[in-house]
Trainee: 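Dropping a structure here in structure tokens format, bear with me for questions.
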2 protein chains.
Amino acid sequence: MFSAGHHRILSTIGRLGPMSRTDLSRVLALSKASISMLVRDLLTQGVLREQALVFGQGRPSVTLGLRSDAASFIGISLHADPVTIVLTDPYGEVLARHLQPRISEPEACFRSLAAVVEAVTREIGEGGGPVAGIGIAQPGFVSRDRRVCLASAALGWVDVDVAGRMGSLTGLPVFVENDTNALILGEQLFGGFGDRPDFSLVFLGDGIGSAHIIGGRLHRGAHGGAGEMAHSPIAIDSHAALPCRCGNKGCLETVASLRAIRGAARQAGLEDDLALLSARAADGHPDALAILHRAGAALGVALAQLVQMIDPAQLVVMIEPDLEQSVFTRVMRQEMETHVLRRSGVQMELVLRAPEPDSFAKGAAGLAAKHYLFGEDWA
Amino acid sequence: MFSAGHHRILSTIGRLGPMSRTDLSRVLALSKASISMLVRDLLTQGVLREQALVFGQGRPSVTLGLRSDAASFIGISLHADPVTIVLTDPYGEVLARHLQPRISEPEACFRSLAAVVEAVTREIGEGGGPVAGIGIAQPGFVSRDRRVCLASAALGWVDVDVAGRMGSLTGLPVFVENDTNALILGEQLFGGFGDRPDFSLVFLGDGIGSAHIIGGRLHRGAHGGAGEMAHSPIAIDSHAALPCRCGNKGCLETVASLRAIRGAARQAGLEDDLALLSARAADGHPDALAILHRAGAALGVALAQLVQMIDPAQLVVMIEPDLEQSVFTRVMRQEMETHVLRRSGVQMELVLRAPEPDSFAKGAAGLAAKHYLFGEDWA
DNA sequence: ACAAGTTGTTTCATGAATTGAAATAAGAGG
DNA sequence: CCTCTTATTTCAATTCATGAAACAACTTGT
């Protein structure tokens, strides 16, 4: 379909936004002649469009952008129950959304998902292009080729050939990825931060996950387990260290996860609702303050360790808006900063971001979009 | 000098060891025709040699190896006082070694180093090829282009154009790198472990440093600060947390560095010698045991965090042989393992390795060797 | 000893990707 | 209307890599 040259152009425009042929020639270090030919192909194929004239000295340049109806992508999140299925355009705009109960038995799960994919594909109207692929985000470990779920505790899956089965049910290319990894890849492609070769993402939910983009590529680790931080021993020597489901004590997850925070609130006789807890803390309720302080401090220490080890240009923390304005975030930030050595003039950017309900599914769609735009070996 | 194709062949043989043309064609996914031509060039240029016949079915294959007299490389370690300067061949074999006092004032330092380089270059006899470049390993931060020392606390340097000055003094290409980074790059090239795309190295000395090879490339971080672990807050809530020179308390360095171990030994009224301390611990001396146990446990926790976050295929810990057989190492390993979640059947390899006196200088020479073998943009 | 089979290496004409230089296009500014 | 500047296209040439076939050098079986 596309040659390597075509993919280089598409991925550049996908990452850096619309630009002229001359810009492309500069960025890609290719001759104007090559760009001219490659762009012509992409225009006739209906993937790019000439979308504006930019006037300066000399002949105006024509900015080239992705056509939003070039192709559509399906993203499926198995991160939580209900399962989310979205259809997006190449910019990550959601064109359609479905929710479904999560089914653990693989075959039944795939059949019900395939039925939704079928329906969504048929529903595409004027605005959307043909579906180019399916991305699936799921908790657990995924094989390096993004086809097989090696192990997922949450789903109870071991060595399930997700891409194979879904592929033969739908006839579309399928890409499977760990949920947090899918999330960061979605951020990378659709997040609108331009081209950041090195950044990390931490997701705070009922569990805690992190993922890293290093040198522009997802870092999956030698065994696909990179980014595990939920069981980092943070409160290890504290006398109050809680036992964790992993068998150790004092894991980050036992203090800072939303589940842990709600649990601590219940134990203290408070409502297990984050908004209420934050409000109580803001009013000065000592137990509420203590719980959020402890959780924020623990996460802050873990973030500091991440920053020291990985040194990302930017750290995106996905956190419930209910917590964002609370003492939790304040303490987290402060604790992180005290434990990060800083060379003068050098600063890492910390970004707080509220997870949207579609975040994981959009990330999953991004997997398919990356394959379409970037080609076979983009990660 | 060499084309990209030539570099691909040289780097493959440098990393994976000698191999036949047909092997190269398989590994590099290039046609036999291309390999044939490229190899011919390298043979006539005296960089490769046909070094053995391997008999199997059919025509025997000719293994191609790097000629050890193809080129020599100079490595300079500013890691500690005395400065070490070595001359190596492309296999990392040390052909000559010089020691010099470390001079802080940049210009004087460069002049004295350049004089040694001059002398070493003249001394090369039969065995060695022409000097192809100089690598410099130094504590502190280095610019992304490996030319400028941005900041080095140990040397007191800020924005010193090391490569520029040394280059004009010697007329050779110069590459500067952080000392721990140079060490891991040396391990990668000369370590004899073949081709490991993902591994990490921790150096335990008076300070503690780590470095990571990710996807076959050094991970330097967005600000060149990746791998910092000396100030990871490990013993953070312990009542015995010691103040650290960084201003915080409970940093890894305050417990596990050799300096800290020796300091703790002195405080306990013991000799500040690692071998003696290990021996005492082996005899059951309670203070010695406590000191080594505490240090080993702290490092073990830090290693666990590293493994969880990065998930390397292999973790090389460079540690004094005096400690290697002691309770320190035993506790370190055990503590690390209890805090690493393991998926069944998946194992990370922990390698203990004694630092040689030339380790840093050899790593530095490796910088120049990589440039020679791999071409401009290898990291 | 000889033929057949297997694998490694080289040769050569071909094709694809990319390029530099020149030509052309489309504006701004006088 | 002319000149200057910058963007884009055209075109012939070059570089790079390739597939197929030839050639080489061994092992194995008879």
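Here is how names work: the chains are called A, B, and so on, in the same order as the sequence lines, proteins then strands, and each is numbered from 1.
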Trainee: Starting at CG of B:D23 and ending at C1' of C:dT9, how long is that distance when rounded to a whole Å?
Mentor: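 In whole Å, C:dT9 C1' and B:D23 CG are 13 Å from each other.
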
Trainee: Over all strands shown, is A:G5 touching base, sugar-phosphate only, or nothing at heavy-atom distances under 4.0 angstrom?
Mentor: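 Nothing, no heavy atom under 4.0 Å.
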
Trainee: Can you tell me if B:T22 touches the phosphate of C:dT9, counting only side-chain N or O atoms and a distance under 4.0 Å to OP1 or OP2?
Mentor: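 Checking C:dT9 against B:T22, a side-chain N or O does come within under 4.0 Å of OP1 or OP2.
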
Trainee: In whole Å, what is the span from the CG atom of A:L64 to the P atom of D:dA7?
Mentor: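 That distance rounds to 13 Å.
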
Trainee: If I take atom CZ in residue A:R40 and atom P in nucleotide D:dT8, what distance separates them, rounded to the nearest angstrom?
Mentor: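 In whole Å, D:dT8 P and A:R40 CZ are 13 Å from each other.
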
Trainee: Students often get this wrong, so: under 4.0 angstrom with heavy atoms, is A:M37 touching a base, only sugar-phosphate, or nothing?
Mentor: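 Since a base atom lies under 4.0 Å of A:M37, the category is base.
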
Trainee: Separation of B:K32 atom NZ from D:dC23 atom P, in whole Å?
Mentor: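 Result: 16 Å.
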
Trainee: Of the candidate nucleotides D:dA17, C:dC12, D:dT10, which contains the atom at the shortest distance from the side chain of A:S36?
Mentor: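 Per side-chain heavy atoms of A:S36, the pick is D:dT10.
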
Trainee: Is the centre of the B:H7 ring less than 6.0 Å from the centre of the B:F2 ring?
Mentor: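 Between B:H7 and B:F2, the centre distance is under 6.0 Å.
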
Trainee: What nucleic acid atoms does A:S61 come within less than 4.0 Å of, heavy atoms only: base, sugar-phosphate, or nothing?
Mentor: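 Result for A:S61 = sugar-phosphate.
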
Trainee: What closest approach, in Å, do A:V351 and A:F193 show between heavy atoms, and which atom pair accounts for it?
Mentor: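 Shortest heavy-atom separation between A:V351 and A:F193 comes out as CG1-CZ, 4.4 Å.
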
Trainee: With distance as the sole test, does A:D311 use its side chain to make a donor-acceptor pair with the main-chain N or O of B:G224 at under 3.5 Å?
Mentor: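 Answer holds: yes.
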
Trainee: Find the distance B:E50:CD to C:dT10:C1' and express it as a whole number of Å.
Mentor: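 It is 12 Å, rounded to the nearest whole Å.
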
Trainee: What integer distance in Å separates B:R21:CZ from D:dC23:C1'?
Mentor: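 Result: 14 Å.
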
Trainee: A:L30 side chain: which of C:dT9, D:dT8, C:dT19 is closest?
Mentor: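 Shortest atom-to-atom distance from the side chain points to C:dT19.
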
Trainee: For the pair made of NE2 in A:H7 and C1' in C:dA17, what is the distance, rounded to whole Å?
Mentor: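 That distance rounds to 16 Å.
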
Trainee: Which atom pair, heavy atoms only, marks the closest approach of B:E177 to B:V142?
Mentor: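 The answer is C-CG2, 3.8 Å.
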
Trainee: Want to settle it: does A:G56 or A:S34 sit nearer the 5' end of DNA chain C, counting the closest nucleotide to each?
Mentor: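 Nearest nucleotide further toward 5': that of A:S34.
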
Trainee: Would you mind reading off the distance between A:I35 atom CD1 and C:dT19 atom P, rounded to a whole angstrom?
Mentor: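 Roughly 9 Å, once rounded to whole Å.
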
Trainee: Is the ring centre of B:Y372 less than 6.0 Å from the ring centre of B:F73?
Mentor: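 Under 6.0 Å, so yes.
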
Trainee: Does any N or O in the side chain of A:T44 come within less than 3.5 Å of the main-chain N or O of A:R40, such that one atom is a donor and the other an acceptor?
Mentor: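 Indeed, once roles are kept as given, a pair shorter than 3.5 Å links the two residues.
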
Trainee: Which residue, A:P60 or A:L38, contacts DNA chain C at a nucleotide closer to its 5' end, judged by nearest heavy atom?
Mentor: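 On the 5' side of the pair lies A:L38.
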
Trainee: Atom pairs under 3.5 Å, N or O on each side, protein against nucleotides 1-6 of chain C: can you list them with distances?
Mentor:
unit_1	atom_1	unit_2	atom_2	d
C:dT6	O2	B:G58	N	3.4

Trainee: Any idea how B:H212 and B:H219 line up, ring-wise: parallel (<30°), tilted (30 to 60°), or perpendicular (>60°)?
Mentor: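 Tilted.
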
